[in-house]
Amino acid sequence: MEMNYDDKQLHELEAELHTEILPGTEIMADVGSHHFVKGSSKNVLVPQPSDDPNDPLNWSTPWKAACITASTMVTFSQGFGPLALAPMFPDLMKAFHCTLPEAVQFTGVCILVLGFSNFIWVPLSTSFGRRPVYIASQLICFATSIWRARAVSYGSFMGACVVNGIGAGPAESIQPAVIADIFFLHDRGKWNTLYWVAYMGSLMVGPIISGAMAENVGWRDFWWLNTAILGLSIVMVIFMFPETKYHRPHPDEITHVVKDSPAPSSTEKDDLPTTVENTNSTPKAADDGENIQQVPTTSSALGNLAGLTHEETAARDPYLGKGKPGKYQWKLWQSNAHPFKSILLDLWIPWKLFAFPIVEFSSFVVSWSCSSFLTLNLTQSQAFAAPPYNFKPMSIGFMNFAILIGALIGLATAGPLSDYVSARSTRKNRGIREPEMRLPAMIPYVIIMFLGNIVVAVGYQKKWPWEAIVIIGFTCAGIQVAALPSISSTYAVDSYKPVAGSLFVSITVNKNVWGYGFSKFITEWAEEDGFIPPIMTNASLILLWCLFGILFWWKGKTFRRWTRNSKVHRM
């Protein structure tokens with residue numbers, strides 16, 4: 001529950017709605033005397049914004065646009081290099097006198113380290129903010145890009161890959177937390193799809209450019225281009241990305257101040273109880289020396305109105321859509337009263353989340369869906385550089401345009417579809433939204449995924465015309481890798497939003513351990529048994545995990561009930 005109801009409000013709502021409200025369940029319509037702040041489209045805003053102009057939920061559209069643009073640039077630039085190596089494998093084999101499996105390990109090792117590096121970055125982002133993590137990680141990526149461009153031995157280049165894996169970790173975990181910081185629930189589907197397209201798109205565009213540059217100007221120049229892109233991203237973060245982490249107090253933290261007067265009548269609105277938000281833990285309180293007065297939406301002076309007009313919304317939140325970052329949000333890092341306690345918690349929480357069924361489901365769908373794209377990245381040179389194709393690195397790199405086009409199709413359809421499916425089910429459910437309502441949107445993309453894998457596996461093996469393999473198979477891979485991870489991860493974030501960063505650590509570790517293992521054996525497996533066994537085994541596993549979506553659509557609320565009292569909902 002992102003609405004942060006106290007126990008009394010929760011019981012009142014459950015009694016009026018005759019339903020159980022669990023973490024993840026959200027009320028998207030006014031209920032009896034309970035009225036909520038709404039947006040211009042009359043959607044109830046979840047979470048409810050505060051009346052603080054510096055609250056990221058209140059920021060104006062230009063500020064949110066600048067913020068998400070800078071964040072997306074970080075995601076893109078950090079993912080641009082690690083998987084750009086595939087078309088360069090022949091050149092790297094010559095430069096460092098290594099075999100193809102050894103060259104593939106440049107990618108595999110980077111992926112493995114990248115996943116575990118989030119055990120560093122996510123705790124730091126929780127304790128000190130998203131902004132310092134973005135700046136520090138980009139500086140590391142900037143340095144390793146120069147290192148790769150100048151490496152003269154296999155060991156040196158592998159060392160750069162390892163350190164780059166450490167620096168590129170935030171690409172896989174921080175932007176979903178930023179999206180949850182600045183956007184409301186009803187919009188998150190499309191923004192999380194943008195995140196996945198930006199990240200997976202960078203992995204697709206990288207090989208396109210690296211293949212062309214390796215053939216025409218040399219593979220080292222690609223890393224100088226990568227360095228320039230990272231430098232631009234650092235500048236964007238410094239000037240366009242204020243801190244988005246904002247403490248939204250739980251009801252347990254709010255001090256209720258009740259006047260000693262008798263219970264007010266409907267005409268005695270001035271005597272209604274108010275709450276004072278304790279903001280001593282936030283930088284703003286420290287800087288400004290003042291507390292924020294906040295009227296609870298369930299008992300405010302406007303509580304008995306039949307509907308909520310723009311004027312009434314403005315009375316409750318005068319800064320909605322008009323706010324801007326405060327000076328303290330541009331600091332290099334934010335103060336934290338208990339940083340080491342927060343870091344230790346964040347080191348433990350990802351492992352704890354592995355015990356939550358919804359997180360496991362999301363992790364496996366994301367992991368194997370992304371491995372479908374990784375399969376193409378690791379096999380395209382192996383398949384198309386050999387007879388009868390005999391394509392050069394540039395031509396192989398250009399084939400990734402099909403994956404990119406597919407990802408753009410996924411961007412245009414998956415987020416809006418999942419938001420639409422959720423909104424439609426919410427209306428049918430009397431304004432009560434359950435996270436599971438997103439899951440039916442996965443159905444068309446599961447079909448597309450399996451079709452694409454069949455075309456690629458059989459096409460590689462039977463030496464089909466490259467047009468069929470690339471236009472159908474590669475495009476399907478791009479569509480599903482933009483859609484399935486975004487829908488399943490948004491489902492998990494909707495269920496456990498307070499630990500969105502740690503949740504993506506769990507997902508990333510699961511994904512990258514499998515990706516590393518797959519990179520270790522797919523080349524030899526394809527050489528020994530052909531392309532069909534490894535690719536279709538992977539596709540069958542994706543299908544298996546996605547089919548569990550039926551179980552979660554049916555029993556997901558039961559799984560959330562098992563974890564309703566977990567402390568992760570109060571972090």
Side-chain angles (χ1 to χ4, degrees), residues 1-5 26 35-41 43-68 70-71 125-126 128-131 174-188 191 240-255 274-298 300 302 308 310 312-331 333-337 493 497-498 500-501 570-571:
M1 293 172 294
E2 296 184 48
M3 297 291 276
N4 284 344
Y5 312 106
E26 301 296 349
H35 292 263
F36 305 102
V37 175
K38 299 179 182 179
S40 57
S41 60
N43 287 311
V44 167
L45 300 179
V46 178
Q48 290 278 275
S50 69
D51 57 0
D52 177 6
N54 301 144
D55 183 345
L57 292 174
N58 281 330
W59 287 354
S60 65
T61 299
W63 275 115
K64 288 187 177 184
C67 186
I68 202 65
S71 178
S125 76
T126 301
F128 302 107
R130 328 295 189 204
R131 181 174 161 85
I174 304 300
Q175 187 166 355
V178 171
I179 290 169
D181 289 340
I182 66 176
F183 293 112
F184 296 102
L185 175 65
H186 65 275
D187 276 336
R188 277 189 209 147
W191 292 112
M240 296 172 60
F241 188 85
E243 183 55 58
T244 64
K245 180 174 166 52
Y246 184 87
H247 180 65
R248 217 166 291 286
H250 190 272
D252 292 347
E253 301 175 72
I254 298 177
T255 304
T274 61
T275 64
V276 179
E277 180 184 324
N278 182 357
T279 58
N280 290 337
S281 61
T282 66
K284 186 178 191 327
D287 291 347
D288 296 348
E290 61 186 17
N291 292 330
I292 300 170
Q293 283 292 84
Q294 191 169 17
V295 179
T297 58
T298 58
S300 71
L302 301 169
L308 199 62
H310 290 298
E312 291 149 8
T313 291
R316 298 183 184 205
D317 185 4
Y319 299 106
L320 182 61
K322 302 175 183 176
K324 62 180 181 179
K327 289 183 179 180
Y328 73 93
Q329 289 168 313
W330 291 101
K331 289 182 179 179
W333 67 81
Q334 303 297 310
S335 59
N336 186 310
V493 170
K497 188 263 178 184
R570 296 174 180 268
M571 297 183 69

* Verdict with reasoning, Tyr328 to Gln334, per side chain to side chain contact (heavy atoms under 4.5 Å, CB included) -> CA-CA 8 Å; Tyr328 73 93; Gln334 303 297 310; 3.5 Å; yes
* Note, Ile68 side chain near Ile179 side chain (heavy atom, < 4.5 Å) -> yes
* Short side-chain donor-acceptor distance under 3.5 Å, Asp52 and Tyr246 -> yes
* Asked: Atom OG1 in Thr244, atom CD1 in Ile174: separation rounded to 0.5 Å?
  -> 9.5 Å
* To do: Find the distance between NZ (Lys324) and CG (Asn54) and round it off to the nearest 0.5 Å.
  => 9.0 Å
* Going from CG on Asp51 to CG on Asn58, what distance comes out if it is rounded to the nearest 0.5 angstrom? -> 8.0 Å
* For the student: nearest non-hydrogen atoms of Ser71 and Gln175, plus distance -> OG-CG, 3.3 Å
* **Closest non-hydrogen atom pair, Arg131 against Glu243** => N-OE1, 3.0 Å
* To do: Check the pair Ile182, Trp191 against side chain to side chain contact (heavy atoms under 4.5 Å, CB included), reporting the backbone distance first and the verdict last.
  => CA-CA 11 Å; Ile182 66 176; Trp191 292 112; over 6 Å; no
* Say you draw a straight line from NZ of Lys64 to CH2 of Trp59; how long is it, rounded to the nearest 0.5 Å? -> 9.0 Å
* To do: Please round to the nearest 0.5 Å and tell me the distance separating atom CD of Glu26 and atom CZ of Phe184.
  => 12.5 Å
* **Residues forming a side-chain contact (heavy atoms from CB on, under 4.5 Å) with Ala177, sequence neighbours excluded** => Arg130
* To do: Taking all non-hydrogen atoms of both residues into account, name the closest pair between Gly323 and Trp63 and its distance.
  => O-CD1, 4.1 Å
* Asked: How close do Leu57 and Pro47 get, heavy atom to heavy atom, and via which atoms?
  -> CD1-CG, 3.6 Å
* Asked: Could you state the interatomic distance from OG1 (Thr61) to NZ (Lys322), rounded to the nearest 0.5 Å?
  -> 12.0 Å
